[in-house]
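Just so it is clear, the values below take in all heavy atoms, side chains as well, and ignore hydrogens, waters and symmetry mates.
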Amino acid sequence: MLESVAFSLGPIHVRWYGIILGTAALIGLLLAIREGKRFQIVPDFFMDLLLIGVPSAIVGARLYYVAFQWSDYKDNLAEIFMIWHGGIAIYGALIGAIIGTFFYVRAKGYSFLRIADICAPGLIVGQAIGRWGNFMNQEAHGGPVTESFLRNTLHLPNFIVNQMNIEGTFYHPAFLYESVWNILGLLVLLWLRRRPFLRAGELFFSYFIWYSIGRFFIEGVRTDSLDFTGPTWLASLLNTLWSPMRVVFEPGVLTYGGNIRFSQLLALLIVIGMVIIIIVRRKKGYANVRYADPIVSTKADKSKVLKDQEVDKGADYDSNRTI
């Protein structure tokens, strides 16, 4: 079994989880900076965006989890702030990050969807890398499986199989399923953003569609899902949609006694919602701007814009005089 602590400095323990998440954020930032240069957006903008987005994501992830597990915290409010005890949710992180970055982006005079498009590949690669932090902590796994399933059916290397042996029981490496799905999603997004048909905002919407499809199916094998008791017809619908997975996988146990995994339901609603948004925006003429069109801040330095215009006019005058 791999150690979760990378190294220690006296009483301070530096964990692999933090190192991996930091690496994920850095790579996501570099992808955004590189694409931002194509639109003449300075790197400092994305660095500041990260400084706002990460704390917002942490707060959102924690509040989301606490809201759905309120019974565990209502009698001990101090525990809400003890995030190192565990208890965060990725959808909450996305909600928090979107809220935080929305206000920053608008304050800088940019369209939120244009910047979100640029950041989408960075988000999904960050999630792909970040899931390996769960691997080091032996968390966010699926239900029990046999060692033979991991070695002979999935053909996983020893270091993954051994890490999935938790107190003598082997478990589904759900972190790996999601990581691989997200890497494939990165390739899809990188391909999409160079397509001439892509409109502004649609790369961001596509990110949500891809991630949520994978999350719907992968969530079904996990044993730590937030759940609730809902209508029987809805639970039956979700189980039917997930049923193709039964060819290889068994569903994980619903730990909290409900019959509906909230992340599965939310994932399904997001996919439907994003598809509808894309169709309606095109039908109503709200998606006239293409992804490749220039991105201009409404708060750009007017003196610089005027100066650039004067330079352009001067170039035209010299060109005409030469002719």
Cluster question for you: counting only ILVMFWY and a side-chain heavy-atom cut-off of under 4.5 Å, with indirect links fine, are F39 and L190 together? yes
Specify the closest pair of heavy atoms between V125 and G122, including all atoms of both residues, with the distance to one decimal. CG1-O, 3.4 Å
In the structure I gave you, are the side-chain heavy atoms of L176 and F135 within less than 4.5 Å of one another anywhere? no
Nearest 0.5 Å, what's the CD-CG distance between E219 and L266? 10.0 Å
Quick one: side chains of residues 5-18, donor-acceptor pairs under 3.5 Å with protein atoms, not counting sequence neighbours, listed by atom name and distance.
from : atom 1 : to  : atom 2 : distance (Å)
S8   : OG     : H13 : ND1    : 2.7
R15  : NH1    : S4  : OG     : 3.1

Taken to the nearest 0.5 Å, the spacing of S56 OG from I95 CD1 works out to 12.5 Å
Report yes if some heavy atom in the side chain of I115 is under 4.5 Å from a heavy atom in the side chain of I41; otherwise report no. yes
Derivation of the side chain to side chain contact (heavy atoms under 4.5 Å, CB included) call for Y256 and T229: CA-CA 10 Å; Y256 301 104; T229 302; over 6 Å; no
Within a 6.0 Å radius of atom CZ on F228, are there more than 12 heavy atoms belonging to other residues, nucleotides or ligands? yes
Side-chain donor-acceptor pair under 3.5 Å between Y91 and S212, yes or no? yes
Atom pair CD1/CD1 of I129 and I124 - distance to nearest 0.5 Å: 12.0 Å
Check the surroundings of atom CZ in R34: do more than 12 heavy atoms from other residues, nucleotides or ligands lie under 6.0 Å from it? no
Show your working on ring pair (Phe, Tyr, Trp, His ring centres under 6.0 Å) between F45 and Y104 and close with a plain yes or no. CA-CA 10 Å; F45 171 81; Y104 173 75; 5.4 Å; yes
For L198 and R290: C-alpha separation, side-chain torsions, deciding distance, then whether side chain to side chain contact (heavy atoms under 4.5 Å, CB included) applies. CA-CA 6 Å; L198 191 70; R290 297 183 182 275; over 6 Å; no
Taking atom CZ of R195 as the centre, report whether more than 12 heavy atoms of other residues, nucleotides or ligands fall under 6.0 Å from it. yes
Heavy-atom pair of closest approach, residues K299 and A107: NZ-O, 3.2 Å
For T101 and F112, the nearest pair of non-hydrogen atoms, with its separation, is OG1-CE1, 3.7 Å
Taking the side chain as C-beta and beyond, is there a heavy-atom pair between I80 and Y65 under 4.5 Å? no
Do I213 and V271 have side chains that approach each other closer than 4.5 Å (heavy atoms only, starting at C-beta)? yes
Report yes if the side chains of I33 and M47 come closer than 4.5 Å at any heavy-atom pair, otherwise no. yes
Check the hydrophobic clustering (I, L, V, M, F, W, Y; side-chain heavy atoms under 4.5 Å; chains of links allowed) and say if V253 and F249 are grouped together. no
Between W210 and L184, is there a donor-acceptor pair closer than 3.5 Å when you use the side chain of the first and the backbone of the second? no
In Å, rounded to the nearest 0.5 Å, how long is the span from CG of L226 to CG of L254? 11.0 Å
Heavy-atom pair with the smallest gap, counting every atom of N259 and G230: OD1-N, 2.8 Å
Side chain to side chain, E202 and R282, heavy atoms closer than 4.5 Å: yes
Nearest 0.5 Å, what's the CD1-CG distance between I58 and L21? 8.5 Å
Check for a donor-acceptor pair, side chain of D227 on one end and backbone N or O of R261 on the other, with a separation under 3.5 Å. no
Examine F81 and V66 and state if one hydrophobic cluster contains both, with Ile, Leu, Val, Met, Phe, Trp and Tyr joined whenever side-chain heavy atoms are less than 4.5 Å apart. yes
Just by distance, do the side chain of K37 and the backbone of V42 share a donor-acceptor pair under 3.5 Å? no
All heavy atoms of G36 vs all of F46, minimum pair found to be CA-CE1, 3.7 Å
Step by step, would you call Y64 with I90 a side chain to side chain contact (heavy atoms under 4.5 Å, CB included)? CA-CA 9 Å; Y64 183 101; I90 185 62; over 6 Å; no
Is it true that E35 and R38 make a salt bridge, defined as a side-chain N closer than 4.0 Å to a carboxylate O? yes
Between I260 and L234, what is the shortest heavy-atom contact and its length? CD1-CD2, 3.6 Å
Are the side chain of R114 and the backbone N or O of I295 linked by a donor-acceptor pair below 3.5 Å? no
Please check: side-chain N/O of N137 versus main-chain N/O of N134, any donor-acceptor pairing under 3.5 Å? no
Do you see a donor-acceptor pair shorter than 3.5 Å between the side chains of Y207 and Q127? yes
Spell out, as yes or no, whether a donor-acceptor pair under 3.5 Å connects the side chain of T169 to the backbone of P144. no
Quick check against the 3.5 Å criterion: does Q264 have a side-chain atom that pairs as donor or acceptor with the backbone of F216? yes
Would R246 count as a cation-pi partner of W242, with NZ or CZ less than 6.0 Å from the six-membered ring centre and within 45° of the ring normal? no
Decide yes or no on side chain to side chain contact (heavy atoms under 4.5 Å, CB included) for I160 and L150, but give the supporting numbers first. CA-CA 9 Å; I160 293 179; L150 299 179; over 6 Å; no
Is it the case that one hydrophobic cluster holds both I209 and L187, taking links as side-chain heavy atoms less than 4.5 Å apart, direct or via other members? no
Using atom types as modelled and distance alone, determine if a side-chain donor or acceptor of N288 lies under 3.5 Å from a backbone N or O of G285. yes
Following the transitive rule for hydrophobic clusters with a side-chain heavy-atom cut-off under 4.5 Å over Ile, Leu, Val, Met, Phe, Trp and Tyr, establish whether I19 and V54 coincide in one cluster. yes
Would a 4.5 Å heavy-atom cut-off, applied to side chains only, mark R193 and D117 as touching? no
Any donor-acceptor pair under 3.5 Å linking the side chain of S236 with the backbone of T232? no
Among pairs that include at least one residue of residues 170-180, which meet side-chain hydrogen bond (donor to acceptor under 3.5 Å, both in side chains), considering only residues two or more places apart or in two chains? R131-E178, W132-S179, H172-Y177, E178-Y211
Heavy-atom side-chain proximity of L156 to R151 below 4.5 angstrom: no
Separation between CG (L237) and CG (L268), nearest 0.5 Å, reads 6.5 Å
I'd like to know if the side chain of N165 reaches the main chain of G168, judged simply by a donor and an acceptor atom lying under 3.5 Å from each other, with no hydrogens or angles considered. yes
